[in-house]
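The structure appears below as structure tokens.
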Amino acid sequence: MDRVGFLGLGIMGTPMAMRLAEAGVPLMVWNRDPSRCEPLLRAGAQHGATQDDVLRACRVNLFMLADEHAIDEVLGRGTPDFSRRVAGRVLVFMGTTAPEYATALAADIAAAAGTHVEAPVSGSKVPAEQGRLVAMLAGRADVVDEVEGIIKPMCRSIHRCGSEAGSALKMKLAVNLYLVTTVAALAESVHFAQRQKLDLDTFVSIINAGQMASPVAEIKGAKLRERDFSAQAAIHDVRKNSGFVVSAARSAGIATPMADTADRLYDETVRLGFGDEDMAAVVRAIEHRTESSSDAPDGGRRPAALEE
Ligand SMILES: NC(=O)c1ccc[n+]([C@@H]2O[C@H](COP(=O)([O-])OP(=O)(O)OC[C@H]3O[C@@H](n4cnc5c(N)ncnc54)[C@H](OP(=O)(O)O)[C@@H]3O)[C@@H](O)[C@H]2O)c1
């Protein structure tokens with residue numbers, strides 16, 4: 001197999017690239033902070049000192065960068081470097097961006113004789129470590145065939161969502177809507193159980209034994225019980241993604257009352273100063289509401305301290 005480029009070794013990128021390395025996919029890796037490349041280099045990957053080294057050496061390149069700004073910066077979008085970096089390359093974007101951003105980026109890449117593929121993933125740090133992500137693919141059918149073969153070792157399943165840019169990301173937003181509301185609801189349940197002075201071990205055991213059991217309930221339930229808010233999916237990133245959901249819903253005139261509430265709670269958590277913690281820390285916004293509305297029975301009201 002030709003060497004594959006991997007750019008962006010954060011919470012998700014590192015375990016994803018590790019799965020590929022362990023499956024024998026020859027890799028060249030690059031990260032803005034080079035120290036994060038070390039585990040991959042120990043696993044046999046080559047190091048690109050710059051993104052240009054990787055893009056020169058590899059025809060197919062996987063990107064797991066934070067956001068749209070990071071992608072534009074790494075590709076030099078809007079500068080003369082952009083065409084040189086993307087021409088003749090297959091660029092596979094696995095992070096979460098707004099669908100309309102992906103449409104515009106795909107057009108720019110096509111104009112510079114490159115090929116854009118969208119491959120956002122559902123699943124967090126633990127599924128990434130286990131090679132159990134769920135990928136959604138969009139792009140030209142023959143290229144998507146090739147990309148599917150490359151990313152298989154990091155995925156439990158791969159789903160084709162169409163050929164148009166934006167179509168896999170719209171699917172990802174629909175899936176994320178369920179995730180962000182589910183984790184906010186679980187945090188609220190734990191908070192309710194705590195304030196009712198219920199035994200949390202018993203509460204979590206009942207959730208895990210019943211119909212609502214799921215990998216998310218198991219992992220986030222344990223984090224909430226332990227108050228272990230080390231990030232698997234950081235609040236600021238989850239807030240970015242819940243923002244994509246509600247803004248896509250507003251543009252299309254779709255009612256999303258649950259997502260709207262969850263989005264406000266993640267936003268409040270960021271504003272309380274917990275943006276780097278795990279998404280389970282959304283419980284902090286709910287606690288803050290309880291503490292600041294002890295005289296108001298309407299727990300759904302935003303606390304005055306956070307009013308714009
Ligand atoms: N965490 C999850 O559960 C999860 C699940 C599915 C999808 N996602 C999506 O996957 C993407 C990555 O998430 P993550 O949790 O891995 O994020 P992360 O840990 O914050 O990693 C972000 C990566 O982007 C790089 N980066 C940020 N700004 C940059 C810039 N201006 N120039 C170059 N590189 C830049 C970082 O490099 P440095 O190391 O140098 O900072 C790092 O490699 C996001 O779009 C996220 O929404 C996350």
Side-chain angles (χ1 to χ4, degrees), residues 5-19 29-40 45 47-55 61-79 81 85 92-99 101-102 105 118-137 151 154-156 168-169 171-180 182-183 215-216 219-220 223 229-245 263 266 270 275-282:
F6 200 110
L7 299 97
L9 298 169
I11 292 176
M12 293 294 287
T14 295
M16 287 162 71
M18 256 340 217
R19 292 297 301 190
V29 297
W30 174 82
N31 194 65
R32 180 179 60 177
D33 169 358
S35 69
R36 291 180 107 170
C37 295
E38 277 158 23
L40 268 302
H47 185 226
T50 66
Q51 69 268 53
D52 285 308
D53 290 344
V54 177
L55 288 160
N61 293 278
L62 311 181
F63 293 79
M64 195 53 175
L65 295 167
D67 54 21
E68 304 167 355
H69 170 74
I71 295 171
D72 287 350
E73 199 164 298
V74 170
L75 292 179
R77 193 156 170 234
T79 76
D81 293 332
R85 285 181 179 149
V92 184
F93 297 97
M94 304 196 73
T96 308
T97 63
Y101 166 83
L105 177 64
E118 221 167 86
V121 292
S122 178
S124 190
K125 182 173 180 256
V126 174
E129 286 165 352
Q130 297 168 339
R132 292 177 66 78
L133 294 172
V134 177
M136 291 147 269
L137 276 178
I151 67 173
M154 56 171 97
C155 297
R156 177 171 57 175
L169 281 162
M171 186 66 79
K172 164 75 178 158
L173 295 192
V175 173
N176 259 18
L177 191 159
Y178 186 46
L179 174 70
V180 298
T182 300
V183 173
V216 165
I219 292 170
K220 301 305 182 194
K223 285 180 88 64
F229 297 133
S230 56
Q232 297 174 335
I235 284 279
H236 63 76
D237 184 50
V238 174
R239 160 70 186 107
K240 174 201 81 175
N241 294 342
S242 64
F244 289 150
V245 172
D263 182 52
Y266 291 112
V270 171
D276 290 334
E277 294 192 345
D278 187 70
M279 69 188 297
V282 70

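Position 1 is the first residue of the sequence; numbering continues from there. Each ligand, and each atom within it, is numbered from 1 in the order the structure gives.
Using a 4.5 Å heavy-atom threshold, the side chains of Leu133 and Arg156 count as separate.
Every atom of ligand 1 is numbered from 1 in the order shown, and the set under 4.0 Å from a heavy atom of Asp237 is 44 (C), 46 (C), 47 (O), 48 (C). Each of the following atoms of ligand 1 lies closer than 4.0 Å to a heavy atom of Val74: 32 (N), 33 (C). Every atom of ligand 1 with a heavy atom of Arg36 under 4.0 Å away is listed here by number and element: 38 (P), 39 (O), 41 (O).
Under the 4.0 Å distance rule, the nearest protein heavy atom to atom 37 (O) of ligand 1 falls inside the cut-off. For atom 20 (O) of ligand 1, the protein comes within 4.0 Å by no heavy atom at all.
If you look at Leu9 next to ligand 1, the close heavy atoms, those under 4.0 Å, all belong to the backbone. At a 4.0 Å heavy-atom cut-off, ligand 1 touches Asp33 through backbone and side chain alike.
Under 3.5 Å, the side chains of Tyr101 and Asp67 contain no donor-acceptor pair of N or O atoms. No donor-acceptor contact under 3.5 angstrom links the side chains of Lys240 and Thr96, judged on distance only.
Within the 4.0 Å heavy-atom cutoff, Ala128 does not count among the residues contacting ligand 1.
For atom 43 (O) of ligand 1, the closest non-hydrogen atom on the protein side is Asn31 OD1, 2.6 Å.
Distance alone, capped at 3.5 Å, places no donor-acceptor pair between the Glu118 side chain and the Met94 backbone.
When Met12, Lys240, Arg32 are checked for heavy-atom proximity to atom 41 (O) of ligand 1, Arg32 turns out nearest.
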